[in-house]
Number of protein chains: 2
Amino acid sequence: MAALAGVGIKTVSRVINDEPGVSEATRQKVLNASRQLNYQLDMAAGSLRRAGRRTLSVGLLLPSVSNPFSGEINRAIEDALGARGIAVFAASLDDDPRREQAIVTAFLGRRVDGLILTPIARSQAYVIPEHSRDLPLVFIDREPVGMEADAVVTDNAAGAASAAAHLISGGHTRLAYLGDRTDIQTARERRRGFVEEIGRHGIPTSTIPIRENLHNEESARLAALELLTAEDPPTAIFSSQNLVTFGAMRALRELGLSNRVALIGFDDFTLADMMDPGVTVIAQHPEQIGKLAAERLLARIDGDEQPPRTYVVPSELIQRGSGEIRPPA
Amino acid sequence: MAALAGVGIKTVSRVINDEPGVSEATRQKVLNASRQLNYQLDMAAGSLRRAGRRTLSVGLLLPSVSNPFSGEINRAIEDALGARGIAVFAASLDDDPRREQAIVTAFLGRRVDGLILTPIARSQAYVIPEHSRDLPLVFIDREPVGMEADAVVTDNAAGAASAAAHLISGGHTRLAYLGDRTDIQTARERRRGFVEEIGRHGIPTSTIPIRENLHNEESARLAALELLTAEDPPTAIFSSQNLVTFGAMRALRELGLSNRVALIGFDDFTLADMMDPGVTVIAQHPEQIGKLAAERLLARIDGDEQPPRTYVVPSELIQRGSGEIRPPA
DNA sequence: ATGAAAGCGCTAACAT
DNA sequence: ATGTTAGCGCTTTCAT
């Protein structure tokens, strides 16, 4: 290509990278030759020598790219990083701790400029060596364990507390909790926020019906059925996650209680307003989480050396009917 | 690192790549040094020299990574390619033709081993140079225009036809069509299949109420309201896409017609069975589309030279109630 | 304004 | 079984 244009290889490099110090005439010669050959810069070869070795790519580890919440985060990150010419490798973890480390390793082998990840393994201490060698790292949804790094999370406890407060202000005193696996930090936070808020209102917390380790719709449905058909059933239910909410909705419908027992779910979902009744939720803001995470990562890539911090994105109570059902008089 | 282990650089390469011809003793020496330095192979540097220049990465262009249908495809592709150690760059197009070409260019600069894309631009002729230089290429959801390459698509016309047949067998003769933008190939196919099937049953097709270019919930809702409040309203509606289906559902509910007018939507969605009535749909199979596309891409990467082909993934009618509503006697 | 030389981290080809 | 040399496509550094 340098040959075709009749110039030195460095001049080609100058033109392609829009560096100064090239006469307009040579510029055109090079540009022509480049078009003729359909020339395309090889980014990887470039980063091999470039100062800082930037590859303009980052790795993103999510629960699953097919999960709508992750999809929104993915999209926000893509938008924020794409504006800087950075491409995103995304991978799904499926709650498998071994995958987490394997994928991190694979991405590091590709020399990504940084990593954004939803931690699932019991500890993230394994990235300490890389992180201290200046690998930019931002955690999302959950804080890392065994190390310190930036994190962007939803206010899980506060959101759950606002659900409890809302139900209590509606007159409920018998509130039940349906929760996800207790080894997931966010699930524990949500329970804590919920239970503590109930206590704050002077309602005894030791007898709150709590069913946990519900990780899919069916187990949640069964747990809700059990709860609702037991003696002294709850007049309001809080579910900690979408699939659990769906299970609770099914149980309520089966028992004909959809309009008699209150329900608030953590996390918003499509068509929630089209249900009967509309489903009141604590909505998270995945676009904001993704955007903030991308911005923090860029700041770190650009050399920000502040001590690591956790950024909290507020959740939002959206009233749609199910959470406003009153207890029977 | 070769120095630390006290061996030649090539021996290190042999150990890392599990090549034969290294004594167990030296192997251990190298492995130890590698652990001490936290050594990590640089894939990019490797592919620079490796035969075939494989980077073990591919590019994926989707309408949007945040759209559930795309998410499922993304996931299936990730699973199929991940098994071969291939990482996926995903990008969102937002129906913007200029983005399509820009992202393809960006991915080519990263020397991806292949590309899987949902075409949106009017023509894909711009990739002909690369494709004929052996860039593996598979289109999904829509076939390319202006060039020939493998494609994996849903049987749009047949799926829409099965919806029409189902409604007609339920006794309907006045069927309406609510469709997406007519510049989208799949939308046109769905209309064609729907209309042709109606004709096949001897019902005049010239008077079918057709409303098109509905690209979001609100425009679909308004179109459906108009249709349903006009003279001689349809007794059954077919909607060509999720957002359009949602709009139609809202209109039916507003008019109190949810249980009087039949509805079949193209594309399945979460909670469709929880609606009142459950929504009958023509379900696509994004996991199969993604899996097949990934398999075809791998075959091409592995040197398959067959002439390009279009693979059709069948859709499936799922009865849930709304599509089984009978016309008024 | 332009170019030559060195070298990024690796693998291929060829010694030894 | 192990090492040496060259070179992938680029950017850096330093001449000219």
Side-chain angles (χ1 to χ4, degrees), chain A residues 1-34 36-57 85 105-113 130 133-135, chain B residues 1-34 36-57 85 105-113 130 133-135:
Chain A
M1 144 88 168
L4 209 188
V7 301
I9 184 178
K10 175 65 216 189
T11 303
V12 172
S13 177
R14 284 201 182 88
V15 173
I16 301 294
N17 294 304
D18 261 322
E19 284 168 34
V22 184
S23 76
E24 190 50 31
T26 13
R27 234 180 78 79
Q28 288 307 330
K29 262 196 301 186
V30 173
L31 252 25
N32 272 327
S34 135
Q36 253 180 70
L37 299 177
N38 216 287
Y39 175 82
Q40 270 242 303
L41 223 182
D42 184 327
M43 287 199 41
S47 22
L48 207 52
R49 198 75 174 76
R50 199 184 349 262
R53 284 222 195 321
R54 292 283 150 72
T55 57
L56 294 184
S57 63
T105 304
F107 284 173
L108 291 176
R110 287 183 166 79
R111 295 295 186 270
V112 293
D113 295 339
E130 316 292 342
R133 276 193 229 162
D134 256 5
L135 172 77
Chain B
M1 145 88 165
L4 211 188
V7 300
I9 183 177
K10 176 66 212 187
T11 303
V12 172
S13 177
R14 284 201 183 89
V15 173
I16 301 293
N17 294 304
D18 261 323
E19 283 168 36
V22 184
S23 75
E24 191 49 32
T26 19
R27 235 180 77 79
Q28 288 307 331
K29 263 195 301 186
V30 173
L31 253 24
N32 271 328
S34 135
Q36 251 181 73
L37 299 177
N38 217 286
Y39 174 82
Q40 270 241 300
L41 223 182
D42 184 326
M43 285 198 42
S47 20
L48 207 53
R49 199 75 174 77
R50 200 184 349 263
R53 283 220 196 322
R54 292 283 151 70
T55 57
L56 293 184
S57 63
T105 304
F107 284 173
L108 291 177
R110 287 185 164 79
R111 295 294 185 271
V112 292
D113 295 339
E130 316 292 342
R133 275 194 228 160
D134 256 4
L135 172 76

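Naming convention: chains lettered A, B, ... in sequence-line order (proteins, then strands); numbering from 1 in each chain. None of the values given here were measured: they were computed from a predicted structure.
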Trainee: Side chain of A:Arg110, backbone of B:Leu56: donor and acceptor closer than 3.5 Å?
Mentor: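 Between the backbone of B:Leu56 and the side chain of A:Arg110 there is a qualifying donor-acceptor contact (under 3.5 Å).
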Trainee: Where the side chain of A:Val7 is defined as all heavy atoms beyond and including C-beta, which of C:dG3, D:dG3, D:dC8 is the nearest nucleotide?
Mentor: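 Of all the options, the side chain of A:Val7 is nearest to C:dG3.
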Trainee: Looking at B:Thr55 and B:Val112, what are the two nearest heavy atoms and their distance?
Mentor: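 For B:Thr55 versus B:Val112, the nearest heavy atoms are OG1-CA, 3.8 Å.
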Trainee: Between the protein and nucleotides 10-13 of chain C, list the N/O to N/O atom pairs that are separated by less than 3.5 angstrom.
Mentor:
from: C:dC10; atom 1: OP1; to: B:Tyr39; atom 2: OH; distance (Å): 2.6
from: C:dC10; atom 1: OP1; to: B:Asp42; atom 2: N; distance (Å): 3.0
from: C:dC10; atom 1: OP2; to: B:Tyr39; atom 2: OH; distance (Å): 3.2
from: C:dT11; atom 1: OP1; to: B:Asn17; atom 2: ND2; distance (Å): 3.0
from: C:dT11; atom 1: OP2; to: B:Ser13; atom 2: OG; distance (Å): 2.7
from: C:dT11; atom 1: OP2; to: B:Asn17; atom 2: ND2; distance (Å): 3.4

Trainee: Side chain to side chain contact (heavy atoms under 4.5 Å, CB included), that's the test. Do B:Lys29 and B:Thr26 meet it? Break it down for me.
Mentor: CA-CA 5 Å; B:Lys29 263 195 301 186; B:Thr26 19; 3.8 Å; yes
Trainee: Does OP1 or OP2 of C:dG3 have a side-chain N or O of A:Thr11 closer than 4.0 Å?
Mentor: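 Yes, because at least one side-chain N or O of A:Thr11 sits under 4.0 Å from OP1 or OP2 of C:dG3.
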Trainee: Check A:Arg53 against A:Leu48 and note the closest heavy-atom contact, atom names and distance.
Mentor: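 Heavy-atom minimum between the residues: NH1-O, 2.9 Å.
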Trainee: Whole angstrom is fine here: how far is it from CZ in B:Arg110 over to C1' in D:dG9?
Mentor: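 About 16 Å, once rounded to whole Å.
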Trainee: Send over the distance from A:Asp18 CG to D:dT11 P, rounded to a whole Å.
Mentor: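 Roughly 12 Å, once rounded to whole Å.
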Trainee: Looking at every heavy atom in both B:Ser47 and B:Arg54, which two are closest together, and how far apart are they?
Mentor: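 Taking every non-hydrogen atom into account, CB-O, 2.8 Å.
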Trainee: Quick one: A:Ile16 CD1 to D:dC10 P, roughly how many Å, whole number?
Mentor: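 It is 8 Å, rounded to the nearest whole Å.
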Trainee: For residues 2-22 of chain A, please give each side-chain donor-acceptor pair under 3.5 Å, one per line with the distance, not counting sequence neighbours.
Mentor:
from: A:Ser13; atom 1: OG; to: A:Asn17; atom 2: ND2; distance (Å): 3.4
from: A:Asn17; atom 1: ND2; to: A:Ser13; atom 2: O; distance (Å): 3.0

Trainee: CZ of B:Arg50 to CE of B:Met43: how many Å apart, nearest 0.5 Å?
Mentor: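 Answer for the CZ-CE pair, B:Arg50 versus B:Met43, is 6.0 Å.
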Trainee: Which residues in residues 22-31 of chain B have at least one heavy atom lying under 4.0 Å from any atom of DNA chain C?
Mentor: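 Nucleic-acid contacts, sorted: none.
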Trainee: Please assess B:Gln36 against B:Met1 for the test side chain to side chain contact (heavy atoms under 4.5 Å, CB included), listing each intermediate value before the final yes or no.
Mentor: CA-CA 9 Å; B:Gln36 251 181 73; B:Met1 145 88 165; over 6 Å; no
